[in-house]
Amino acid sequence: MPTVTEALAMMDYGPAPESAAVAMDWLKGRAFGHFINGSFTKPGETFAVTNPATGADLAQVSQGTEADVAEAVKAARSAAKGWAKLSGGQRARHLYALARLMQKRERLFAVLETLDNGKPIRESRDIDVPLAVRHFYHHAGWAELLADEFPGMRPHGVCGQIIPWNFPLLMLAWKVAPALAAGNTVVLKPAEFTPLTALLFAELCVEAGLPKGVVNIVTGDGRTGAALVAAEVDKIAFTGSTEVGRLIRQQTAGSGKALTLELGGKSPFIVFAEADLDAAVEGVVDAIWFNQGEVCCAGSRILVQEQVAETFTARLKARMAKLRVGDPLDKSTDVGAVVHTTQLDRIRGLVDQAVQQGAILHQAPMPNGPGSFCPPMLLTDLGAANIANTEEIFGPVVTLMTFRTPGEAVELANNTRYGLAASIWSENLTTALDIAAQVKAGVVWINGTNMFDANAPFGGMRESGFGREGAREGMLAYLTGDEATGKERKAPAAVSALPGEASGDAVDRTRKLYIGGAQKRPDGGYSYAVAGAQIPLGGRKDIRNAVEAAHGAKGWSKVTGHNRAQVLYFLAENLSARAKDFAPKDEVAQAVERAFYWAAWADKYDGKVHSTTGPNVTLAMKEPFGVMGIVCPEEAPLLGFVSTVLPAIAMGNRVVAVASQSNPVPALDLYQVLDTSDVPGGVVNIVTGPRGELAETLAKHDDVAALWVFADSDLCRKAEAFSAGNLKPVWAESRMRDWTGPAGQSRDFLRRSVQVKTVWVPYGA
């Protein structure tokens, strides 16, 4: 007989299976049509949805066609007017009903999600379903408060929403709940592999008495998604791969469709020497082996400080070896099945390449039997350029590298084209917050990871996409003010470097570009004529020089809002003192007022502490993009320039501005005001010349983080399409604004000058 010590050492988890009967009874070998206009259509061409843990078929689901999408959009359009006319309180009641019905069927949703996706039942039951319910409750509250909290705003109309297979129900809630709360109607396309909980949700829409056509669900593969992107909808919201996000950006360019993209990630998991190493090891489990690593914000790159790396790695390997991989319906399972064999093949292929490039592979035991299973893996002894460190694997695979100093940690963390999330582990809160401010990520967790809440904004920077989901910021993504209601802008006449009419100056004066705080001749050495002046003909190299100068002025982004305000007040005073030197005269006084206005906002458009359900202070910090490009409007050469450039720099950005092509003189003459107003060199850079060429260069430039284009519709379309390469957010506006009125100082300028970084800070026990 074993001793007590021996018995404890031999103890293992016994089976704790969850019955699949409740979900299988609902499925009953069904073939599903689409959910359109309040009811299911007759199934058309179908494909099988399988259980990744067994390979068994669960149901047949219809392949959506262009005609199916068009029918769903028509139903949503028909319902849109009535749904938007309901009071916020009436819409809130429908969202409350959906939340309550989901709660009543939590077990059915959880089991169905696990069967369909392969994730462990503990995660479906304890994370996915409760969070989905939380989103509907939370957004019911926003629906109730809409008129008070978002005055003057209205829904976009019909929203096309495309969600991934890693969190099928939760992603549905993230998108459908705010859309409905804001007064939009929805056409949702769930992922091809995991449509079942969306179809169950459709039945709840009927049970909750949701008006017909408010929610429509069309199933299918990528062809169905492409049809939805091309359909006559008013907004596209997409969560998925960066590659597909790029295509959507190109395809929606110039369409006028609002767009939010939540894309891939390669998130750093930074462990400092003073961290609680055991807690950090458990954090890795939650960061990368949660949901089989099929998480866009998974902490897939461990960066551990050199002096504790050996200890940390040993503990991590020991913990990884104890993870239980197997039947997702077993409550003792830690890691379930990968969603599909195609994804499993991709994971294995990338790991093989990483090993070929020099990485050493460590992995947990692999279960026997059928199913799409992948053991947890750790890759060590690899360089920063290894494919496992650069490409999103989307599986239970994590890399480990070391660093010596905090500065090196930041450099390694930001050595990626992505910017979705980061996790920082340190018992020194000062260190943690300092690093949080420096990493380029839309979400930062301190001594935690993969924490989500309906009242915490979520979204990425750089090639992880743009827009936010959750909280007030997520609601704004489903609302519009449409303050530009004037005539369509027209493209200015082409510029020419050939000799033209006389300038009209007694002594010819050739103006220069303003780059890095100094007047610069254009790289090409040419100028073009406008009424009364010769104007420098800027080009691609001048934009390059201006962007470099703007990056050199990065200290401006660290200056306090108070100090930025003082500089803008000084600028306003100097502009007023020199008013007689500027034309057009009718814009000068208004430009001075506008400068004072944006100075006033410099220290007031601040972040917020969000109330979330966990023991955290959840900060929504408003951070400048960094370097922004602005193609200023033609119709107000001085006032339009001031009204667009100043809010951007008030928020801490540095700007490369393309002045009015037909009358850039007022903008170029501002250089003396900028020079005498303590505006650091490189904060404002002014380039003149052919707007199309300059806007294209800004849109394609990887070191320009955001772009505003106030131009004709063709140039707006091109700017959006060109930006797909690096997925920068583009505000393209082809209709004229009344720059003299409220539209000229809209809060839209502030909102579009910043990106939200959500920082989760431990608070309390």
Side-chain angles (χ1 to χ4, degrees), residues 18-28 30 32-40 59 75-76 79 82-83 86-117 121 123-144 159 161 163 167-188 190 194-219 452-455 470 613:
E18 175 74 49
S19 172
V22 62
M24 298 308 295
D25 287 346
W26 179 77
L27 289 169
K28 296 177 184 174
R30 290 168 69 176
F32 290 91
H34 310 296
F35 183 71
I36 298 175
N37 204 31
S39 62
F40 282 97
W83 180 249
L86 293 180
S87 70
Q90 289 172 313
R91 287 198 299 273
R93 285 172 174 79
H94 285 292
L95 269 74
Y96 281 130
L98 287 168
R100 288 293 295 131
L101 289 170
M102 289 178 74
Q103 280 185 309
K104 292 176 182 178
R105 291 166 179 79
E106 281 185 334
R107 185 163 177 268
L108 172 57
F109 271 109
V111 173
L112 188 62
E113 193 82 322
T114 289
L115 289 173
D116 200 13
N117 170 270
I121 186 64
E123 295 176 9
S124 298
R125 180 195 65 198
D126 299 341
I127 299 172
D128 292 33
V129 177
L131 263 177
V133 171
R134 159 79 170 140
H135 271 268
F136 278 96
Y137 275 127
H138 177 78
H139 287 95
W142 278 127
E144 192 80 47
C159 296
Q161 302 180 321
I163 59 175
F167 291 93
L169 181 66
L170 185 55
M171 292 296 100
L172 177 151
W174 277 25
K175 286 180 167 52
V176 172
L180 299 188
N184 300 281
T185 55
V186 165
V187 179
L188 177 83
T194 55
L196 298 182
T197 46
L199 296 170
L200 174 58
F201 176 79
E203 292 189 354
L204 266 59
C205 292
V206 176
E207 192 173 352
L210 207 65
K212 293 180 179 180
V214 170
V215 170
N216 306 272
I217 299 173
V218 182
T219 55
F452 310 101
D453 189 76
N455 199 29
T613 53

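Side-chain atoms are counted along with the backbone in the values below, which use heavy atoms only and exclude waters and symmetry mates.
- Between Glu207 and Lys104, no side-chain nitrogen of the basic residue sits less than 4.0 Å from a carboxylate oxygen of the acidic one, so the salt-bridge criterion is not met.
- Between the Glu113 side chain and the Leu169 main chain, a donor and an acceptor come within less than 3.5 Å of each other.
- Panel note: side chain Asn216, backbone Leu188; no donor-acceptor pair is recorded below 3.5 Å.
- Trp174 places no side-chain N or O within 3.5 Å of a backbone atom of Gly470 that could act as its donor or acceptor partner.
- Using cut-offs of 30° and 60° for the angle between ring planes, the His135 and His139 rings count as parallel.
- With a 6.0 Å radius and a threshold of 12 heavy atoms from other residues, nucleotides or ligands, Arg93 has its CZ atom at or below the threshold.
- In this structure, Arg30 contributes its side chain and Ala59 its backbone to no donor-acceptor pair below 3.5 Å.
- Counting only distance, with no hydrogens or angles, the side chain of Asp116 and the backbone of Leu196 share a donor-acceptor pair below 3.5 Å.
- When Thr197, Asn117, Thr114 are each tested for a side chain to side chain donor-acceptor pair (under 3.5 Å) with Ser124, only one passes: Thr114.
- Annotation: side-chain hydrogen bond (donor to acceptor under 3.5 Å, both in side chains) contacts of Arg134 (sequence neighbours excluded): Asp453.
- For the 3.5 Å distance criterion, the side chains of Arg100 and Gln103 qualify, holding a donor opposite an acceptor.
- A distance-only check finds no donor-acceptor pair linking the side chain of Asp25 to the backbone of Val22 [under 3.5 Å].
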